[in-house]
Amino acid sequence: MAFLSICTIFARRTKRKKIMSIDTYKLTSMEEPTDEVLSQLMREAAEEARQKRAEATARFFGQLKRESEKIAASC
């Protein structure tokens with residue numbers, strides 16, 4: 001019975017406390033992110049940077065190829 005009341009008290013306190021997650025954290029918050037949230041934010045930012053770099057590289061080399069084909073055709 002004592003175990004049940006301890007669990008109930010813990011559950012009530014946990015519900016009252018805002019649990020920080022990647023979905024609830026705002027960068028404008030005055031509260032520091034937890035290590036887990038910060039790590040997740042950094043992983044997501046790194047993945048987005050990798051994707052954008054790959055897209056930009058593909059666009060660059062595509063444009064370079066088109067321009068070189070134009071030059072080759074004009075010779």
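These figures come from a predicted structure and were not determined experimentally.
Side-chain atoms of E36 and Q40 form no donor-acceptor pair, as typed in the model, at a separation below 3.5 Å.
Of the inter-residue distances, the one linking R43 atom CZ with L38 atom CG reads 10.0 Å to the nearest 0.5 angstrom.
Residue pairs satisfying the salt bridge (charged side-chain N to carboxylate O under 4.0 Å, His left out) criterion with at least one member in residues 61-74, sequence neighbours excluded, are listed as follows: E67-K70. Applying the salt bridge (charged side-chain N to carboxylate O under 4.0 Å, His left out) test to residues at least two apart or on different chains, the pairs with a partner in residues 51-62 are E48-K52.
F61 is linked by a side-chain contact (heavy atoms from CB on, under 4.5 Å) to T57, L64, counting only residues two or more places apart in sequence or in another chain.
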